[in-house]
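For the numbers below, each heavy atom of this structure counts, side chains included, while hydrogens, waters and symmetry mates do not. Letters A, B, ... mirror the listed sequences (proteins, then strands); counts begin at 1.
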Number of protein chains: 2
Amino acid sequence: MDHAANGLDDNLLETVLRQKDELRKSDRRVAEVVLAAPGEVVSMTLAQLAKAAGVSEPTVIRFCAAIGCEGFRDLRVKLARSMAFARTTSHTAITSEDDLGAVMTKIFDYNLSNLNWAQSKLDQEAVRAAVDLLAGARRIEFFGFGASGIVARDAQQKFPLFGTPCGAPADAHQMYMTAEMLGDGDVAVGVSNTGHTREIVTALQVAQENGAGTIGITGQPSPMLDHCDVALVVETLENTDLFTPTVSRLSHLVVIDILSTAVSLRRDEAHHQRITQMKARLAQRRGSP
Amino acid sequence: MDHAANGLDDNLLETVLRQKDELRKSDRRVAEVVLAAPGEVVSMTLAQLAKAAGVSEPTVIRFCAAIGCEGFRDLRVKLARSMAFARTTSHTAITSEDDLGAVMTKIFDYNLSNLNWAQSKLDQEAVRAAVDLLAGARRIEFFGFGASGIVARDAQQKFPLFGTPCGAPADAHQMYMTAEMLGDGDVAVGVSNTGHTREIVTALQVAQENGAGTIGITGQPSPMLDHCDVALVVETLENTDLFTPTVSRLSHLVVIDILSTAVSLRRDEAHHQRITQMKARLAQRRGSP
DNA sequence: GCGCTTTCTGTAGTTATGCTACTTTTTGAT
DNA sequence: ATCAAAAAGTAGCATAACTACAGAAAGCGC
């Protein structure tokens with residue numbers, strides 16, 4: 001993977017925002033222009049930016065150095081990258097003042113950069129371990145509440161791709177009961193963005209104690225992982241604003257996609273043919289008038 | 001809205017990949033270098049790139065023009081931006097030969113570009129009409145099966161943001177019953193990527209006949225829309241390959257995010273405070289040991 | 001195959017952009 | 001009020017990007 005394409009170091013807009021207050025007066029004027037219209041700045045020339053900020057060219061150069069760029073060229077490149085990657089960085093929270101267009105843009109952007117982020121952070125070896133476990137499972141149970149419950153249910157629906165009986169108990173009692181019944185050769189997958197949801201943690205613990213393999217899909221290292229054989233930490237760009245929707249769902253769903261697809265790929269040809277047949281019949285059923 | 005910052009037009013790497021075969025011989029050599037190491041190219045100088053590709057500087061410039069850039073500067077900027085998306089939508093299908101890394105990359109890329117696509121295609125006025133309907137609704141019911149059922153359920157969970165009683169009947173019978181009970185002031189939202197699912201179409205028809213407002217979330221113009229007051233067509237990049245996961249879910253979920261957020265924004269301050277409180281209490285409940 | 005046109009590609013020269021060395025101004029402390 | 005240190009600007013230089021032109025290669029009718 002291209003290391004230059006990820007990491008916070010790369011997120012120039014954020015750096016600028018953070019350091020703005022500690023900058024020299026003139027540099028700050030440059031910073032303001034950059035933050036206000038990064039899209040324009042990217043295609044500006046040094047002289048143009050200097051003029052726009054009302055400072056001299058060398059000041060702009062010094063600004064570049066101050067925020068950790070090699071020079072103006074470097075600034076442009078880093079800025080362009082930062083813009084696409086975190087269109088959201090400058091993303092102001094959603095407020096009552098936003099018109100519909102702004103809300104649409106913000107939500108899409110937020111979800112997109114979040115997925116991007118998740119991709120760059122997802123540990124391939126952990127995924128491999130998870131696939132190993134799942135591919136060998138006799139039975140798979142997915143545990144999740146709320147938004148994560150949606151993810152668990154989605155995973156359970158992917159049953160045909162897994163080629164293994166899958167369940168996703170909906171309430172806490174069913175969850176306990178199910179976890180208690182698991183044993184050697186079974187796998188429990190806990191989904192919880194916070195990783196703190198008590199019922200999920202307990203269910204995984206019970207499952208593990210009974211000899212089942214356990215996988216945790218979460219947004220951060222957390223208590224849940226104490227009871228997980230495999231930890232899939234899907235980092236999300238935290239944002240606790242009032243109207244920010246649950247973005248973690250999407251990343252988690254993609255992880256489910258990856259797991260189910262990878263497991264399916266390990267199956268034999270006969271299995272693949274059954275999937276093809278299933279898809280065809282489903283389409284037929286849907287299409288019939 | 002920064003139009004240059006979204007849409008597929010922006011994905012230079014993809015443009016290069018698509019046009020590569022139609023380029024002049026020397027230009028193609030440049031294209032190969034760009035595709036092979038876009039990360040390097042971004043921080044290269046014109047002369048360096050020319051040397052790396054084994055061609056003259058003007059050739060590189062002509063290459064820039066050929067793929068739709070203003071000049072070398074522009075190429076760098078666009079390339080940097082495209083890189084952050086880091087996805088040549090070269091979605092070759094997923095096959096049994098792919099290793100895990102490839103599968104991960106492909107699934108993420110496919111989902112990401114699909115979201116991008118959906119964003120550029122989603123009609124703001126349709127969304128506005130949907131929000132108008134939902135904001136005034138007395139009760140909202142979401143209908144969906146399979147993957148779309150997940151979306152419906154997610155929408156139903158967003159109940160607190162809507163501030164309106166929401167339902168998402170799971171099976172066909174419940175769906176009919178629910179649809180039959182809807183009336184003036186109620187809203188039915190049908191989710192179906194194909195737009196052909198019989199039960200959903202019927203449920204919407206029934207709801208509409210009974211005087212309820214109807215909204216359709218679908219991947220293409222389809223029979224379902226005949227019974228919809230508002231059509232939210234969320235175009236997806238079609239791909240019928242065996243292992244391609246259901247990508248439409250994600251776009252549809254984002255649409256739900258947008259709808260619920262926009263509806264919530266129309267509520268008053270008291271409503272917002274209740275959401276804040278709800279979030280705080282939920283976090284507390286989760287966190288408790 | 002030959003001359004002709006058309007399309008590519010490279011050389012050399014021009015513009016203008018980014019950067020540096022140095023000077024002036026401002027700020028702040030004694 | 002004076003001086004030292006930091007900040008901002010001026011002017012000039014090196015280099016990078018671009019353009020005009022000319023030579024080479026490829027297509028095409030005869």
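In this entry the distance linking CE of M44(A) with C1' of dG18(C) reads 16 Å, nearest Å. Between the C1' atom of dC8(C) and the CZ atom of R28(B) lies a distance of 13 Å, rounded to the nearest Å. Put simply, CD on E57(B) is 17 Å from C1' on dC8(C), counting in whole angstrom units.
Scored by the side-chain contact (heavy atoms from CB on, under 4.5 Å) test, E70(A) finds D74(A) as partners (sequence neighbours excluded). Take A118(A) and apply the side-chain contact (heavy atoms from CB on, under 4.5 Å) test, not counting sequence neighbours, and it matches V234(A), S251(A), F108(B). Taking A102(B) as the reference, D98(B), D99(B) meet the side-chain contact (heavy atoms from CB on, under 4.5 Å) condition, with sequence neighbours excluded. Checked against salt bridge (Lys or Arg N to Asp or Glu O under 4.0 Å), D123(A) has no partners two or more places apart in sequence or in another chain. Taking the salt bridge (Lys or Arg N to Asp or Glu O under 4.0 Å) definition, one finds that D132(B) meets it with R266(B), sequence neighbours left out. Partners of A130(A) under the side-chain contact (heavy atoms from CB on, under 4.5 Å) rule, at least two apart in sequence or in another chain, are I215(A), V230(A), L232(A), L259(A).
Here R76(A) lies in heavy-atom contact (under 4.0 Å) with sugar-phosphate atoms only.
The side chain of T45(A) has dT17(C) as its nearest neighbour among dC8(C), dT17(C), dC19(C).
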*Spell out protein contact along nucleotides 24-29 of chain C as letters: B when the base is contacted, S when just the sugar-phosphate is, - when no protein heavy atom is under 4.0 Å; keep the 5' to 3' order.*
---S--

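Shown for residues 48-56 of chain A: no residue has heavy atoms falling under 4.0 angstrom of DNA chain C. Contacts between residues 62-74 of chain A and DNA chain C, defined by a heavy-atom separation below 4.0 Å, involve G71(A), F72(A), R73(A), listed by number.
In this structure a side-chain-to-backbone donor-acceptor pair under 3.5 Å is missing from R267(B) to L161(B). Distance alone, capped at 3.5 Å, places no donor-acceptor pair between the S264(B) side chain and the S260(B) backbone. Proximity of a side-chain donor or acceptor of N111(B) to a complementary backbone N or O of I107(B) within less than 3.5 Å is detected. Put simply, the side chain of R76(B) gets close to the backbone of M44(B): a donor and an acceptor are under 3.5 Å apart. A donor-acceptor distance shorter than 3.5 angstrom exists from the side chain of T218(A) to the backbone of N193(A), with no hydrogens or angles considered.
For residues 29-38 of chain A, the salt bridge (charged side-chain N to carboxylate O under 4.0 Å, His left out) pairs, not counting sequence neighbours, are K20(A)-E32(A). Evaluation of the side-chain hydrogen bond (donor to acceptor under 3.5 Å, both in side chains) test over residues 48-61 of chain A, restricted to residues two or more places apart or in two chains, returns S56(A)-T59(A).
Side-chain nitrogen and oxygen atoms of S26(B) include at least one within less than 4.0 Å of the OP1 or OP2 phosphate oxygen of dT9(C).
Protein chain A touches strand DNA chain D; the 5'-most and 3'-most nucleotides with an atom under 4.0 angstrom of its non-hydrogen atoms are dA7(D) to dA16(D).
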